[in-house]
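As structure tokens, the structure follows; a few thoughts come after it.
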Protein chains: 2
Amino acid sequence: MKKIDILNKLRSSGLRPTKQRVEIAKFLFEREKTFHFTVESLNKLLTKKSTSKIALATIYNTVHAFKTAGHLNEVEVRGNKTYFDTNVSNHHHFYDSETSELIDIDANDIIIQKIPKAPNGKKIKNVEVFINLKN
Amino acid sequence: MKKIDILNKLRSSGLRPTKQRVEIAKFLFEREKTFHFTVESLNKLLTKKSTSKIALATIYNTVHAFKTAGHLNEVEVRGNKTYFDTNVSNHHHFYDSETSELIDIDANDIIIQKIPKAPNGKKIKNVEVFINLKN
DNA sequence: TTCTAGTTTATAATTATTCTAAAGTGAAAA
DNA sequence: TTTTCACTTTAGAATAATTATAAACTAGAA
């Protein structure tokens, strides 16, 4: 994803492309593979990479803005960690609690044959499958 | 579940049946239906029900001891809430983010037809399905 | 009854996240 | 191009959930 695309991506979702947002967006979206991170890990990586320090609150703000805009997926797993995922397509996860690592599973690799009806008055928003791993 | 069974349940899992543990265990396990709670909600309910106040730290300790002993199931959902579930059999959940409510789904009500292999050197511990609800 | 490891307790500490309000800045309009 | 202002960023305070600490308590073995 080129810089111009990053700018479009931000603008088209109503986000003013500030210096900080562009820097974070480039870091997150200019890569081949999907990327899983927590705000804390992202903060560390950005601090290491860049000379200009972005405030932690800004990283929180930005990550949530990206999530609301649909550019990031939020994944909640055991251990009170909130992960974000640059893969926003419908998919599932392996979770390795030994390493606290989250691994994508393509939506096509899990087929659910039978599913219960939603309770009265409710609809199904989405189905998330977690496959917890052990050694 | 009668009082004698509560005592056995505690003793057989190596937990000394203290006044506090017995009171919490009776509250949790002497009921027909499965019960979902957070430490906070449990604390409120116990405070209301009983005259003797149990320290919040004790409720944390006890709930975790019960979980380790396999008497409670921990379920982590969106919003940084940690729920516990008196249903320790293999099962799944609806999650209603409007009401922050967790609803059990019997393991037999979801059939997964296709599942990916675990990454190299890892095994599948368990599979958790979350069906997120909307109105 | 005595003794001790296990337990409870109040409180402090920690961790993750959100709030606040002051200073800074994109970009539309003049 | 300059001005203007709503949107952003920022440091630090506040909040919330949980864990750690260390002193007092207690179940149950001896």
Side-chain angles (χ1 to χ4, degrees), chain A residues 3-4 6-25 27 36-47 50-69 71-72 74-84 100 102, chain B residues 3-4 6-25 27 36-47 50-69 71-72 74-84 100 102:
Chain A
K3 183 161 189 185
I4 184 68
I6 292 284
L7 293 185
N8 286 339
K9 186 165 195 161
L10 294 178
R11 269 196 256 269
S12 67
S13 42
L15 295 168
R16 206 185 270 179
T18 64
K19 189 160 71 72
Q20 293 84 346
R21 284 180 179 160
V22 171
E23 181 171 340
I24 295 174
F27 186 77
H36 291 108
F37 61 94
T38 64
V39 170
E40 194 200 359
S41 71
L42 179 59
N43 184 38
K44 276 187 192 154
L45 291 168
L46 287 172
T47 303
S50 163
T51 46
S52 56
K53 170 74 178 161
I54 299 177
L56 186 58
T58 301
I59 298 178
Y60 273 99
N61 289 342
T62 303
V63 164
H64 281 117
F66 288 178
K67 179 201 154 192
T68 302
H71 303 317
L72 289 174
E74 189 173 0
V75 187
E76 208 123 348
V77 296
R78 295 195 167 281
N80 253 13
K81 295 205 175 205
T82 301
Y83 286 81
F84 291 88
S100 297
L102 209 55
Chain B
K3 182 160 188 184
I4 185 68
I6 293 283
L7 294 184
N8 285 340
K9 187 166 193 159
L10 293 178
R11 270 197 256 268
S12 67
S13 41
L15 294 168
R16 205 185 270 180
T18 63
K19 188 159 72 71
Q20 293 85 345
R21 283 179 179 162
V22 171
E23 182 172 338
I24 296 173
F27 186 78
H36 292 107
F37 61 95
T38 63
V39 170
E40 195 200 358
S41 71
L42 179 60
N43 184 37
K44 275 188 192 154
L45 291 168
L46 286 171
T47 303
S50 162
T51 46
S52 57
K53 170 74 178 161
I54 299 177
L56 185 58
T58 300
I59 298 179
Y60 272 99
N61 289 342
T62 303
V63 163
H64 281 116
F66 288 178
K67 180 201 154 192
T68 303
H71 303 317
L72 289 173
E74 188 173 1
V75 188
E76 208 123 348
V77 295
R78 294 196 168 281
N80 254 14
K81 296 206 176 206
T82 302
Y83 286 81
F84 291 89
S100 295
L102 208 56

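We name chains A, B, ... by the order of the sequence lines, and we start the count at 1 in each one. Side-chain atoms are counted along with the backbone in the values below, which use heavy atoms only and exclude waters and symmetry mates. Just so you know, these numbers come straight off a predicted model, no measurement behind them.
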Side-chain donor or acceptor of B/Arg21 paired with backbone N/O of B/Arg16 under 3.5 Å: yes
Whole-Å gap separating C1' (D/dA17) and CG (B/Leu56): 9 Å
Compare every heavy atom of B/Val22 with every heavy atom of B/Leu7, then report the nearest pair and how far apart it is. CD2-CG2, 3.7 Å
Would you check, one step at a time, whether the test side chain to side chain contact (heavy atoms under 4.5 Å, CB included) holds for A/Phe27 with A/Leu46? CA-CA 8 Å; A/Phe27 186 77; A/Leu46 287 172; 3.8 Å; yes
If you compare all heavy atoms of B/Asn43 against all heavy atoms of B/Lys53, which two are closest, and at what distance to 0.1 Å? OD1-NZ, 3.3 Å
With distance as the sole test, does B/Thr62 use its side chain to make a donor-acceptor pair with the main-chain N or O of B/Thr58 at under 3.5 Å? yes
Using whole Å, report how far CD1 of A/Ile59 lies from C1' of D/dA11. 14 Å
Atom pair distance, as rounded to whole Å: CG in B/Asn43 and P in D/dA16: 15 Å
Given that A/Ala57 and B/Ala57 both sit by DNA chain D, which one's nearest nucleotide is further toward the 5' end? A/Ala57
Any B/Tyr60 side-chain nitrogen or oxygen under 4.0 Å from OP1 or OP2 of D/dT18: yes
Proximity of B/Phe84 and B/His71 rings by center, below 6.0 Å: no
Is any side-chain nitrogen or oxygen of A/Gln20 closer than 4.0 Å to OP1 or OP2 of C/dG24? no
Work out which heavy atom in B/Leu15 is nearest to a heavy atom in B/Ala65; give both atom names and the distance. CD2-CB, 3.9 Å
Quickly work out the A/Lys53 NZ to D/dG12 P distance and round it to whole Å. 12 Å
Once you round it to whole Å, what is the distance between C1' of D/dT8 and CG of A/Leu10? 13 Å
To the nearest Å, how far apart are B/Asn61 CG and D/dT19 P? 9 Å
Between A/Ile54 (CD1) and D/dT8 (P), how many Å, whole number? 15 Å
Take nucleotides 25-30 of chain D nucleotide by nucleotide from the 5' end and write B, S or -, depending on whether a protein heavy atom sits under 4.0 Å from the base, only from the sugar-phosphate, or from neither. -BBS--
Spacing of A/Phe84 atom CZ relative to C/dT17 atom P, expressed in whole Å: 8 Å
